[in-house]
Structures are given as structure tokens and as C-alpha cells.
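For reference, the structure is listed below as C-alpha cells.
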Number of protein chains: 2
Amino acid sequence: TKEFDLATTLVQEKMVDAEKVAHVQNSNPLEHALLVLTKTGYNAVPVLDFHGKFEGIISKSHILEAMFGVEKIEVELLEKKTVSDCMDREIPTLLIDDTIEQALHELIDYNFVCVVDEDQQMQGIITRRQLLKEYRNEYYRK
Amino acid sequence: TKEFDLATTLVQEKMVDAEKVAHVQNSNPLEHALLVLTKTGYNAVPVLDFHGKFEGIISKSHILEAMFGVEKIEVELLEKKTVSDCMDREIPTLLIDDTIEQALHELIDYNFVCVVDEDQQMQGIITRRQLLKEYRNEYYRK
Ligand SMILES: Nc1ncnc2c1ncn2[C@@H]1O[C@@H]2COP(=O)(O)O[C@H]3[C@@H](O)[C@H](n4cnc5c(N)ncnc54)O[C@@H]3COP(=O)(O)O[C@H]2[C@H]1O
Ligand SMILES: Nc1ncnc2c1ncn2[C@@H]1O[C@@H]2COP(=O)(O)O[C@H]3[C@@H](O)[C@H](n4cnc5c(N)ncnc54)O[C@@H]3COP(=O)(O)O[C@H]2[C@H]1O
């Protein structure tokens with residue numbers, strides 16, 4: 001089999017395609033985000049704007065923190081908030097022509113990285129699972 | 001530098017030591033588990049019994065699901081539950097003399113794996129981040 005090289009394999013060859021990526025919109029109520037996260041089972045998913053542009057991620061951590069009142073947890077606090085109020089926007093992205101070598105650097109600190117085109121439209125995500133499978137395949141190819 | 005080999009490196013050389021691992025006890029109220037998960041920032045942590053034996057994991061997902069009533073989310077549902085009621089016990093473990101090669105297999109499907117001794121006492125955890133750092137180090141050693 002062909003030698004797999006991190007520096008010449010593009011992220012678009014190994015990413016999860018956008019149509020398979022669960023996501024929410026920045027204007028969605030927080031309760032809707034909780035429903036998506038609970039149903040899919042994921043801890044965090046990408047947040048897109050109305051035009052499909054990647055804006056950041058929303059996680060179960062963000063939703064739980066949104067419930068914390070001064071003295072106790074209050075579920076009612078979720079009702080008035082949207083994804084946009086609680087999401088994390090400081091998230092690195094990769095371009096479709098970036099390499100798996102660059103993805104590996106980002107995945108040391110993040111569970112997944114969103115892949116975008118030059119208009120910031122989400123094309124897919126590259127996950128830690130994908131990189132670990134490459135690592136395993138490469139090890140047995142030696 | 002010495003060549004790193006997955007099959008000859010033991011998990012105990014690369015694991016996060018038990019004293020650095022945030023955990024909860026199976027008898028803790030669910031609210032205490034939520035506090036630990038929120039303060040540490042982790043999505044899931046190991047659950048130990050009174051004697052320090054590994055029993056499974058508790059996650060933010062388990063806690064959110066425990067709040068789901070018939071029609072809406074009810075935080076009061078947390079009060080009567082303990083970690084033991086909601087945790088996941090079907091979690092693989094590794095022994096301290098197992099290899100990083102075996103850890104790689106488990107980490108394809110799990111974010112972390114608990115390392116135990118022959119008495120099931122937790123010795124540490126091996127994480128996906130650790131394996132990805134080895135992958136990166138090995139790639140630049142070529
Ligand atoms: N419903 C499910 N079915 C099967 N396995 C599941 C699963 N939910 C979680 N896992 C397993 O747990 C790992 C961590 O999931 P987590 O939700 O924390 O973190 C996930 C999640 O935040 C995100 N993610 C993965 N696939 C996604 C998708 N199709 N849509 C949106 N987000 C996704 O990327 C992170 C890393 O995913 P990765 O696959 O490396 O690693 C996943 C996978 O190995
Ligand atoms: N407080 C924090 N400080 C710095 N980085 C943080 C962090 N919380 C999360 N991260 C980053 O996010 C990744 C996923 O964390 P998660 O909590 O889903 O999943 C974590 C968590 O469930 C567990 N874990 C890691 N370190 C732990 C510890 N000291 N005690 C208990 N559980 C731990 O192992 C999983 C994989 O951890 P890994 O290090 O591979 O990967 C971590 C790490 O790269």
C-alpha cells in the first residue's frame with residue numbers, strides 16, 4: 001500500500017463531510033442546542049451562521065454553565081439565552097488544502113477542528129479519532 | 001534520541017499519574033460530580049469506590065440526562081441521585097504493564113483509558129492527547 005505521509009495528505013481526504021456533521025446555528029435557543037447535543041451524543045458541535053459560515057463551537061459545558069445562577073442551578077436561565085450568547089469563538093480552523101500534518105498540531109489541544117473554504121463555509125471536520133486511526137494503520141504498515 | 005516503539009513502551013511511562021487525575025466516588029451526590037466536572041473543565045472523569053478501585057466513568061452527558069423529566073428539564077431530579085445511579089461501568093481498563101500499542105487501540109474509541117493494577121486500584125489515565133504527542137514527536141524524528 002502507498003506510504004501515508006502527513007505532509008502530503010490533505011485534510012479534505014480524511015475529514016468527516018459537512019453533511020455528516022451535526023451543528024447548530026448561532027441564533028438557536030440554548031435549549032435547541034442541548035437537544036442536538038443530547039440526541040447526537042457529542043460533547044460539542046460546530047456553530048454556523050445563517051449562511052453556513054463557521055463561527056465557533058457550543059458544548060455541554062457551555063450549556064451547564066449557562067444554568068448556574070447565583071446560589072443554585074436554574075434551568076429557567078436557559079430560556080432567554082441563545083447559542084450566540086454562550087459559544088466559544090476562539091477556535092482554530094483549517095482550510096481544505098491544508099495538510100494532515102497541520103491537523104495533527106491542532107488536534108493535540110482540540111478534540112476536532114473545523115475545515116472551511118476561503119469564504120469560511122464549513123466543508124467538514126477533522127477528528128482525533130481519524131488521526132489515531134492513521135497512526136495505527138501506519139504502525140502496522142511498517 | 002532513542003527510537004520510540006509502541007510495542008515496547010509501557011503505559012505507566014506515559015500516563016497521567018493518579019494524584020493528578022480528578023475523580024469522584026460512586027457514593028457522591030450527582031451535584032458534587034457536576035461541581036468537579038465544571039471546576040476541572042473535563043467532560044468526564046473516573047469513578048472510584050471507597051477503596052480507590054476503578055468502577056467506571058461519569059460525564060456531563062450523564063448528568064444532563066439525569067435532569068430530563070417527562071416534559072422538561074428538572075434540576076431537582078439531581079438531588080436524589082448519586083454517581084452510582086448514572087455512571088457508565090462498561091469501560092475498558094489497561095494494566096500498568098500493558099503497552100502503548102494496546103492503549104492506541106482503546107483510544108480510537110475512547111477519550112481516555114484508566115490504568116489499574118491487578119487489584120483494580122487506579123494508577124493513572126492514558127489520554128488521546130498523550131498518544132497524539134507521541135505521533136507528532138515520532139513524525140519529526142524521522
Ligand atoms: N455518537 C457517537 N457515536 C460513536 N462514537 C462517538 C459518539 N459520540 C462520541 N463518540 C466517541 O467519543 C469521542 C469523543 O466524542 P466528543 O463528543 O467528546 O467529541 C467529538 C465531537 O465534539 C466532534 N464530533 C465528532 N463527530 C461529529 C459529528 N458527526 N458531528 C458533530 N461533531 C462531531 O468531534 C469530537 C471528536 O470526535 P471523535 O470521533 O474523535 O471521538 C469521539 C468518538 O470516538
Ligand atoms: N482543564 C483543561 N486544561 C487543558 N486542556 C484541557 C482541559 N480540559 C480539556 N482539555 C483539552 O480538551 C481535551 C478533551 O477533554 P475532555 O474533558 O473531553 O476529555 C478528557 C477528560 O475526560 C479526561 N482527562 C484528561 N485529563 C484528566 C485529569 N487530569 N483528570 C481527570 N480526567 C482527565 O481525559 C479526556 C481526554 O483528555 P486529553 O488531555 O486527551 O484532551 C483534552 C485536552 O486536550
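Proteins get letters first, then strands, A, B, ... in listed order; numbering begins at 1 in each. Nothing here was measured: the structure is a model prediction, and the numbers come from that model.
In terms of hydrophobic clustering, with Ile, Leu, Val, Met, Phe, Trp and Tyr side chains grouped at heavy-atom distances under 4.5 Å, B/L94 and B/L6 are assigned to a common cluster. In this structure, B/I125 is a member of the same hydrophobic cluster as B/I91, with clusters built from ILVMFWY side-chain heavy atoms closer than 4.5 Å. With hydrophobic clusters built from ILVMFWY side chains whose heavy atoms lie under 4.5 angstrom apart, A/M15 shares a cluster with A/F4. Cluster annotation: B/V116 is not connected to B/V24 through the hydrophobic network of ILVMFWY side chains, with a link wherever side-chain heavy atoms come within less than 4.5 Å. Hydrophobic clustering places A/L95 together with A/V16 (ILVMFWY residues linked when any side-chain heavy atoms are closer than 4.5 Å, directly or through intermediates).
Using a 4.5 Å cut-off between heavy atoms, A/A7 contacts chain B through both its backbone and its side chain. Residue A/Y110: no heavy atom, backbone or side chain, is found under 4.5 Å from chain B. Interface residue B/E134: backbone and side-chain heavy atoms are both found under 4.5 Å from chain A.
The side-chain heavy atoms of B/Y135 and A/R136, taken from C-beta on, include no pair separated by under 4.5 Å.
Annotation: residues 57-69 of chain A contacts chain B through A/K60, A/S61, A/L64, A/E65, A/M67, A/F68 [non-hydrogen atoms, separation under 4.5 Å].
Note that the CD1 atom of A/I73 and the CD atom of B/E31 stand 6.5 Å from one another [nearest 0.5 Å]. Atom CD in A/E79 sits 9.0 Å away from atom NZ in B/K72 (nearest 0.5 Å).
Your options are A/E138, A/E101, A/Q130, A/E74, and the one with the most heavy-atom pairs under 4.5 Å with chain B is A/E101. When A/L131, A/L78, A/L37 are compared by the number of non-hydrogen pairs under 4.5 Å with chain B, A/L131 comes out ahead. Per-residue heavy-atom pair counts under 4.5 Å with chain A were compared for B/L34, B/N111, B/I108, and the maximum is reached by B/I108.
Residue A/Y140 places its OH atom among more than 12 non-hydrogen atoms of other residues, nucleotides or ligands, all under 6.0 Å distant. With a 6.0 Å radius and a threshold of 12 heavy atoms from other residues, nucleotides or ligands, B/K53 has its NZ atom at or below the threshold.
Closest of all the heavy-atom pairs between B/L132 and A/L107 is CD1-O, 3.3 Å.
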